[in-house]
There are 2 protein chains.
Amino acid sequence: MPRKDLSRKHTSRKRPTLKDVADAVGVHISTVSRALNPKTRHHITAEISDKILKASARLNYRQNAAAYTLRTNRTRIVGLIIPDITNPVFPPIIRGVEDALAAHGYMAIVVNTDGALPREASAIDMLCGRGVDGVIAASVERDDPALLRVAGEGTPVVTVNRRMDDPAIASIVNDEDGGIRAVLDHLVALGHRRIANIAGPQKLSTGKARLDAFLRHRDALGLPADAGLIVMSDAFNEGEGERCTEALLAGNTDFTALVCSNDRLAVGAIAALRRHGRAVPADISVTGFNDMPLVDRLEPALTTIRVQQYTAGRMAAEALLARVEQSGAGDPPQHEVLPVELVVRASTAPARGRGRKARKEQAGQ
Amino acid sequence: MPRKDLSRKHTSRKRPTLKDVADAVGVHISTVSRALNPKTRHHITAEISDKILKASARLNYRQNAAAYTLRTNRTRIVGLIIPDITNPVFPPIIRGVEDALAAHGYMAIVVNTDGALPREASAIDMLCGRGVDGVIAASVERDDPALLRVAGEGTPVVTVNRRMDDPAIASIVNDEDGGIRAVLDHLVALGHRRIANIAGPQKLSTGKARLDAFLRHRDALGLPADAGLIVMSDAFNEGEGERCTEALLAGNTDFTALVCSNDRLAVGAIAALRRHGRAVPADISVTGFNDMPLVDRLEPALTTIRVQQYTAGRMAAEALLARVEQSGAGDPPQHEVLPVELVVRASTAPARGRGRKARKEQAGQ
DNA sequence: TTGTAGGCGTTATCAT
DNA sequence: ATGATAACGCCTACAA
């Protein structure tokens with residue numbers, strides 16, 4: 001008796017298939033398949049289609065994903081490649097991607113590359129092995145052979161946050177130029193003229209775009225073009241922020257404001273400035289980029305550029321799905337630039353007169 | 001001519017299958033299958049197995065995951081359920097899980113529940129639909145019917161960071177009790193006696209364990225057991241930290257130190273204390289729990305308990321895979337408690353005598 | 001409108 | 001040691 005129960009339980013454990021609901025309704029399995037698919041349901045009599053839906057719900061039928069994939073070659077899974085989930089910039093993007101995907105019945109497999117191209121290549125390999133329907137890459141470099149190759153093989157690809165030089169790859173990015181311009185306008189309005197810059201890695205589109213913007217708007221604003229005011233970082237992290245700041249201070253070039261290519265560089269910069277006895281913002285104003293979580297709780301709270309990471313993630317997913325679902329995708333790749341916003345907090349303040357003496361005619365105002 | 005090229009390209013685009021490498025070597029497809037599987041390779045002549053390996057590499061053969069899954073009912077995918085990837089506590093866990101899984105050829109599908117039980121239930125539904133081999137849950141409540149059900153259906157489950165009351169579910173957690181004890185010892189050593197507590201949500205094992213520990217060690221240390229010194233939060237976030245702190249201040253109970261059930265509560269608490277003119281740590285010492293990123297850069301840098309999130313993630317994945325791979329899993333569920341470490345920074349300082357006097361005056365009213 | 005049948009790429013159970 | 005063959009569950013021409 002208990003044995004019987006057990007065996008019954010065991011057979012009932014197996015998930016129901018199309019055949020099970022077909023038997024329950026008394027129709028053929030293909031009829032069920034059609035009734036369950038919204039795109040083919042119209043082939044079926046409303047009445048019987050209704051019975052099928054009911055039975056399917058009653059039996060708690062769930063399509064077998066593997067069988068579906070084997071037959072159709074679609075997995076409803078997309079790969080999401082990021083440098084490091086531990087970097088606070090990325091979680092909102094990931095969340096946006098996942099929310100948008102979920103709304104369409106898709107899911108994401110997230111892989112971390114730590115910004116290493118070989119690791120990215122092997123990640124792409126894994127994802128393709130899983131048969132992902134598309135790839136969203138937040139970890140992309142301006143020139144990225146592996147990603148280019150997978151795109152060339154017909155897999156839809158869109159980058160988010162960063163972009164490739166090759167315009168054939170769709171992208172969702174922030175308005176880097178507008179952000180840097182807003183920062184410079186703000187600092188100039190506070191009376192700063194000698195403004196230093198810690199630039200991001202130039203192999204990343206964000207690093208390059210922000211440096212380009214800095215140079216362009218610096219000139220447009222008539223600020224001094226002193227090469228000693230610019231230092232290149234190797235990575236977007238706090239350690240590089242400290243190193244670059246020390247290089248700047250060692251250079252003996254005078255400056256009253258420091259524009260950092262992102263928040264983490266700024267956090268490191270502030271630590272280094274303090275260590276060298278410079279008060280922020282009393283002596284030197286510092287700005288970041290991204291408006292990371294907690295950056296408003298630092299001392300001083302960071303003046304920075306707020307970007308729409310979550311929205312960017314959503315849009316990237318939508319753009320990708322558009323390409324996946326009508327894979328005819330002959331239309332040109334989508335390139336979106338999201339607006340950004342200056343957030344003024346406590347790390348910027350009016351410039352002090354010091355360093356100003358050389359150009360005292362300025363003071364005439 | 002171009003048409004021919006195109007069609008050839010098109011056929012060559014299709015990924016090679018077992019049949020393709022079988023044809024290339026001149027053996028049967030099942031021989032190839034055996035040769036490619038380490039567990040069955042010994043059935044095959046070394047020489048021919050060698051040829052197969054070579055050909056497979058040359059053709060760049062990759063197993064079709066869907067076919068494998070359809071046949072074997074294993075996906076090599078595990079579901080990872082978390083409240084919100086945007087909460088800085090979770091990325092290190094996720095990273096640990098993914099790294100450990102990757103080492104075994106597995107991948108994770110991450111889903112966010114925002115801590116809502118119904119959302120968790122539907123997430124579990126999706127994951128089961130995908131046929132995941134197991135589930136790791138960081139978002140679990142002490143009583144969690146959906147997770148219990150899926151575990152009951154035979155899917156391996158392990159919780160991380162939190163645990164369920166039901167000991168049948170394997171878990172990897174931190175030493176909450178040891179952490180709270182270390183905090184209290186530290187504060188008592190600084191001369192604090194009237195120590196308040198913002199407790200976490202009691203439906204979460206972390207919230208309950210830390211409150212239990214607070215009560216027990218408070219009594220063991222002979223500290224005053226004043227109910228007014230304890231306030232319950234509804235969630236582990238900054239807003240609740242502020243609200244609870246204001247409740248504490250409104251209660252007119254005197255205290256010189258405030259133990260918060262996690263870092264985010266502490267961040268909110270410090271903001272609220274400041275707003276009410278209390279200096280941290282000069283007037284009131286504050287402690288957190290978790291040692292979140294950036295918490296060392298706050299002003300004042302937070303004294304807190306460092307937990308091993310990354311390691312916990314890794315261990316959870318390892319524990320799950322152990323259950324997945326020898327799915328006989330008759331052995332008792334694994335329960336791991338990871339050691340924690342007190343990190344003393346600037347938010348705690350020796351107690352001031354001033355509390356006593358104020359209290360005496362109040363007694364007069 | 002519905003049923004029939006073939007096949008997606010694997011693995012596993014037979015034979016040989 | 002290897003080959004033949006039957007599923008796994010689903011979709012989709014094609015036939016009726």
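Each chain gets a letter, A, B and so on, in the order the sequences are listed, and its residues count up from 1.
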Novice: Identify whether the distance between the nearest side-chain nitrogen and carboxylate oxygen of B:Asp125 and A:Arg62 falls below 4.0 Å.
Specialist: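 Between A:Arg62 and B:Asp125 there is a salt bridge, with a charged N closer than 4.0 Å to a carboxylate O.
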Novice: Taking only the side-chain nitrogens and oxygens of A:Thr31, find out if one of them lies under 4.0 Å from OP1 or OP2 of C:dG3.
Specialist: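 Checking C:dG3 against A:Thr31, a side-chain N or O does come within under 4.0 Å of OP1 or OP2.
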Novice: Quick one: B:Arg41 CZ to D:dA1 C1', roughly how many Å, whole number?
Specialist: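 Rounded to whole Å, this separation is 16 Å.
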Novice: Is A:Asp84 atom CG crowded by more than 12 heavy atoms from other residues, nucleotides or ligands, each under 6.0 Å away?
Specialist: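 Correct, the count exceeds 12.
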Novice: Rounded to the nearest Å, what distance is computed from the CG atom of residue B:Leu70 to the C1' atom of nucleotide C:dG7?
Specialist: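 Going from B:Leu70 (CG) to C:dG7 (C1'), I get 12 Å.
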Novice: With a 3.5 Å cut-off and just heavy-atom distances, do the side chain of A:Arg34 and the base of C:dG3 make a donor-acceptor pair?
Specialist: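 Result: at least one qualifying N/O pair found.
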Novice: Can you confirm whether B:Glu325 sits close enough to B:Tyr106 that some side-chain heavy atom of one is under 4.5 Å from a side-chain heavy atom of the other?
Specialist: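 Contact flag for B:Glu325/B:Tyr106 side chains = yes.
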Novice: B:Tyr68 ring centre to B:Arg76 NZ or CZ under 6.0 Å, with the angle to the axis within 45°?
Specialist: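 The answer is yes; both the distance and angle limits are met.
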Novice: Quick check: on DNA chain D, is the nucleotide nearest B:Ser49 upstream (toward 5') of the one nearest A:Gln63, or the reverse? Name the residue that is more 5'.
Specialist: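 Closer to the 5' end of DNA chain D: B:Ser49.
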Novice: Would you kindly compare B:Leu18 and A:Ile48 by the position of their nearest DNA chain C nucleotide and give the one closer to the 5′ end?
Specialist: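 Its nearest nucleotide lies further toward 5', so the answer is A:Ile48.
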Novice: Whole angstrom is fine here: how far is it from CG in B:Asp20 over to C1' in C:dT10?
Specialist: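 Answer to the nearest Å: 14 Å.
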Novice: Give the rounded distance in Å between these two atoms: CG of A:Leu36 and C1' of D:dG9.
Specialist: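 One finds 13 Å between C1' of D:dG9 and CG of A:Leu36, rounded.
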Novice: Are any of B:His28's side-chain N or O atoms less than 4.0 Å away from OP1 or OP2 of D:dA4?
Specialist: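 Yes, such a contact exists.
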Novice: Determine: side-chain N/O of A:Ser33 to OP1/OP2 of D:dC10, distance under 4.0 Å, yes or no.
Specialist: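 Indeed not, no polar side-chain atom of A:Ser33 lies that close.
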Novice: Under the 3.5 Å rule, do the base of C:dA12 and the side chain of B:Arg71 count as making a donor-acceptor pair?
Specialist: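 When only heavy-atom distances are counted, B:Arg71 does not reach the base of C:dA12 through any donor-acceptor pair under 3.5 Å.
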Novice: With heavy atoms under 4.0 Å as the rule, sort B:Ser30 into base, sugar-phosphate or nothing.
Specialist: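 The answer is base, as B:Ser30 lies within the cut-off (heavy atoms under 4.0 Å) of a base atom.
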Novice: For a quick test of reading the model: is some side-chain N or O of B:Tyr61 closer than 4.0 Å to OP1 or OP2 of C:dT10?
Specialist: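 So the side-chain polar atoms of B:Tyr61 do come within 4.0 Å of the phosphate oxygens OP1 or OP2 of C:dT10, strictly under.
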Novice: Please check the phosphate of C:dC8 (OP1 and OP2 only) for any side-chain N or O of B:Thr17 closer than 4.0 Å.
Specialist: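 False: B:Thr17 side-chain N/O out of range (4.0 Å or more) of C:dC8 OP1/OP2.
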Novice: At under 4.0 Å, does any side-chain N or O of B:Lys19 touch on OP1 or OP2 of C:dC8?
Specialist: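 Checking C:dC8 against B:Lys19, no side-chain N or O comes under 4.0 Å of OP1 or OP2.
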Novice: In whole angstroms, how far is the P atom of D:dT12 from the CZ atom of A:Arg74?
Specialist: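 It works out to 10 Å between those atoms.
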Novice: Starting at the 5' end of DNA chain C, which residue's closest nucleotide do you reach first, A:Gly26 or B:Ala67?
Specialist: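 So the residue in question is A:Gly26.
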Novice: Taking the basic N atoms (NZ, or NE/NH1/NH2) and the acidic carboxylate oxygens, is any pair closer than 4.0 Å for B:Arg41 and B:Asp50?
Specialist: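 No.
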Novice: What integer distance in Å separates A:Asn37:CG from D:dC10:P?
Specialist: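 Taking CG of A:Asn37 and P of D:dC10, I get 13 Å after rounding.
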Novice: Please report, rounded to the nearest Å, how far the C1' atom of C:dT10 is from the OH atom of B:Tyr68.
Specialist: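 My rounded result for the distance is 10 Å.
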Novice: Quick one: A:Ile29 CD1 to D:dT12 C1', roughly how many Å, whole number?
Specialist: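 Checked: the CD1 to C1' distance equals 12 Å.
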